[in-house]
Amino acid sequence: MTSLSRRALLGAGAVFAASSSVPASAAELPADPYLPTVPHVIEAETFAQYLNLPSCPRANNNYKDDGTPNILTWGTPGQPATWFNQSQCASFLTGLLRRTYPAIATDDYFETHFGSRSPNARQYRQTFAGPVIPHWQRITKLADLRAGDFIAIDYNNGQPTQTGHIVMVRRIKGTYVAPSSSLNFPGETQYAVEVVDCTSDPHGVLGVGNYHAYPDIRLIDGVNDREGVGFGHMMFYVSSSTGVFTRYRWSVNTSSSGAYPVAQRPIAAARFTA
């Protein structure tokens, strides 16, 4: 078998490049497969992945009851059993920001700008939709979202707890046309969005419909399923003409009765920058 050294291969590459009569333009080059990221995305993904390893006890990943403390422990690398979560959707993301940016995400910062040292989903949504505050940029169009951005939903239920839901964007998976016409709305475009969140109700129904294309890492086999922090998919709708949010569904399996318009459950998104 003929063996080629790295030097020889590099030399051959130079020959091929020199022999090309038309240089490649930037437009002809493939897109960078490694999209830019931010530190809190790395921290969130690592946390979620450890907590969902088979060797991490299910009891280590919990959606906490109201009135119980928030506990988020980034454990020892290589030791899944040392990682622990006891939080809700908003307190998980607040804890994530505190860990990643301790000089910014202080008690005083949250108290001053969100009205609480541990804001709930409603307070996040109201703040995102209000006047600009330090370190946050409001994102009004879903197509402009990128990994690490937050989406907050206010359930408008008048309750002091369980006020809504908030997620971190992991990836925009593209537009989606549901097989059922009742899930497609005139003048609106539906997007599948992969999210990182903390919930007691993972996104989807295992094995049903198009779930396989938009799964949730916490749903395993119907017996060993998990709650708490993980990755899942939600469906968000936007105006086809303006690109702004119009409604959402909890998962690809959610029926039309769960496609809540923003008049009923307001939505706001924002980007944190250190």
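Because the structure is a prediction, the values reported are computed rather than measured.
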Note to self: With side chain to side chain contact (heavy atoms under 4.5 Å, CB included) as the criterion, how do Ile267 and Phe236 come out once you've worked through the C-alpha distance, each side chain's angles and the decisive distance to 0.1 Å?
What the structure shows: CA-CA 10 Å; Ile267 300 172; Phe236 289 93; 4.2 Å; yes
Margin query: Run the side chain to side chain contact (heavy atoms under 4.5 Å, CB included) test on Trp74 and Thr82 for me, step by step, so that the C-alpha distance in whole Å, both residues' side-chain angles and the decisive distance to 0.1 Å come before the verdict.
Written below: CA-CA 8 Å; Trp74 273 256; Thr82 65; over 6 Å; no
Next item on the list: Could you please spell out the steps behind the side chain to side chain contact (heavy atoms under 4.5 Å, CB included) verdict for Ile42 and Phe47?
Entry: CA-CA 9 Å; Ile42 297 171; Phe47 194 57; over 6 Å; no
Margin query: Under the criterion side-chain hydrogen bond (donor to acceptor under 3.5 Å, both in side chains), I'd like the reasoning laid out for Asp108 against Thr106: C-alpha separation, chi angles, the key distance, then a yes or no.
Written below: CA-CA 5 Å; Asp108 287 346; Thr106 63; 5.4 Å; no
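Every side chain to side chain contact (heavy atoms under 4.5 Å, CB included) that Gln123 has, sequence neighbours left out, goes to Ser116, Pro119, Asn120. Taking Arg58 as the reference, nothing meets the salt bridge (Lys or Arg N to Asp or Glu O under 4.0 Å) condition, with sequence neighbours excluded. For Lys141, the salt bridge (Lys or Arg N to Asp or Glu O under 4.0 Å) criterion is met by no residue, not counting sequence neighbours.
Using a 4.5 Å heavy-atom cutoff, the side chains of Asn184 and Val177 are in contact. Taking 4.5 Å as the limit, some side-chain heavy atom of Asn210 sits within range of a side-chain heavy atom of His212. Counting heavy atoms from C-beta on, the side chains of Asn61 and Val229 come closer than 4.5 Å. You'll find the side chain of Ile139 stays beyond 4.5 Å of the side chain of Arg146, heavy atoms only. In this structure, the side chains of Tyr50 and Asn85 stay at 4.5 Å or more apart for every pair of heavy atoms. Under the 4.5 Å side-chain criterion, counting only non-hydrogen atoms from C-beta, Asn253 is in contact with Tyr211. No side-chain heavy atom of His233 sits under 4.5 Å from any side-chain heavy atom of Val193. For the pair Trp83/Thr73, no side-chain contact is recorded, criterion being any heavy-atom separation below 4.5 Å from C-beta on.
Scanning both residues, Asn70 and Ser118, for their nearest heavy atoms gives ND2-OG, 4.1 Å. The nearest pair of heavy atoms linking Pro80 to Ser55 is CG-OG, 3.3 Å. The minimum heavy-atom distance linking Met234 with Val167 is given by the pair SD-CG1, 3.9 Å. Nearest heavy-atom pair, Asp216 versus Gly232, reported as atom, atom and distance to 0.1 Å: OD2-CA, 3.5 Å. The nearest pair of heavy atoms linking Ala121 to Thr163 is N-OG1, 3.5 Å. Of all the heavy atoms in Cys198 and Ser87, the pair that sits closest is SG-O, 3.3 Å.
Formation of a donor-acceptor pair under 3.5 Å by the Arg249 side chain with backbone atoms of Thr254 is found in this model. Side-chain atoms of Asp225 come within 3.5 Å of backbone atoms of Asp221 as a donor-acceptor pair (strictly under, hydrogens ignored). Within the 3.5 Å criterion, the main-chain N or O of Pro102 finds no donor-acceptor partner in the side chain of Arg99.
Here the straight-line distance linking atom CG of Asn62 with atom CG of Asp65 works out to 9.0 Å at 0.5 Å rounding. A distance of 10.0 Å separates CD1 of Ile172 from CD of Glu194, quoted to the nearest 0.5 Å. A distance of 12.5 Å separates OG of Ser239 from CZ of Phe245, quoted to the nearest 0.5 Å. Residue Leu53 holds its CG atom at 8.5 Å from CG of Leu51, rounded to the nearest 0.5 Å. The NE2 atom of His165 sits 9.0 Å away from atom CG of Asp201, with the distance rounded to the nearest 0.5 Å. Note that NZ of Lys64 is 10.5 Å distant from CG of Leu72, once rounded to the nearest 0.5 Å.
Both Val169 and Leu142 are part of a single hydrophobic cluster, where members link through side-chain heavy atoms under 4.5 Å apart. Grouping the Ile, Leu, Val, Met, Phe, Trp and Tyr side chains by contacts below 4.5 angstrom, directly or via other members, places Tyr109 with Phe92. Tracing side-chain contacts under 4.5 Å through hydrophobic residues (I, L, V, M, F, W, Y), one reaches Leu145 starting from Val238; they form part of the same cluster. Hydrophobic clustering, with ILVMFWY side chains joined whenever heavy atoms are under 4.5 angstrom apart, keeps Ile217 apart from Leu206. In the hydrophobic cluster analysis, where Ile, Leu, Val, Met, Phe, Trp and Tyr join through side-chain heavy atoms closer than 4.5 angstrom, Phe231 is grouped apart from Met235.
The one candidate from Met168, Arg170, His203 that meets the side-chain contact (heavy atoms from CB on, under 4.5 Å) condition with Asp197 is His203. Residue Arg122 is tested with Thr161, Asn157, Asn156, Thr127 for a side chain to side chain donor-acceptor pair (under 3.5 Å); the sole match is Asn157.
The list of salt bridge (Lys or Arg N to Asp or Glu O under 4.0 Å) pairs with a residue in residues 75-91, not counting sequence neighbours, is empty. Applying the salt bridge (Lys or Arg N to Asp or Glu O under 4.0 Å) test to residues at least two apart or on different chains, the pairs with a partner in residues 226-247 are Glu188-Arg247. Evaluation of the ring-ring contact (aromatic ring centres under 6.0 Å, His included) test over residues 255-274, restricted to residues two or more places apart or in two chains, returns Tyr101-Phe272, His135-Phe272, Trp136-Phe272, Tyr248-Tyr260.
Side-chain contact annotation: Asp66 with Gln88, donor-acceptor N/O pair under 3.5 Å present. For the 3.5 Å distance criterion, the side chains of Thr175 and Thr189 fail to qualify, holding no donor opposite an acceptor. Side chain to side chain, Ser91 and Thr94 fail the donor-acceptor criterion of an N or O pair below 3.5 Å.
The aromatic rings of Tyr214 and Tyr176 stand perpendicular to each other, their planes meeting at an angle above 60°, with 30° marking the opposite boundary.
Remark: Arg138 is not positioned above the aromatic ring of Phe128, lacking an NZ or CZ atom under 6.0 angstrom from the ring centre and at most 45 degrees off the axis.
A ring-centre distance under 6.0 Å is found for Tyr237 and Phe185.
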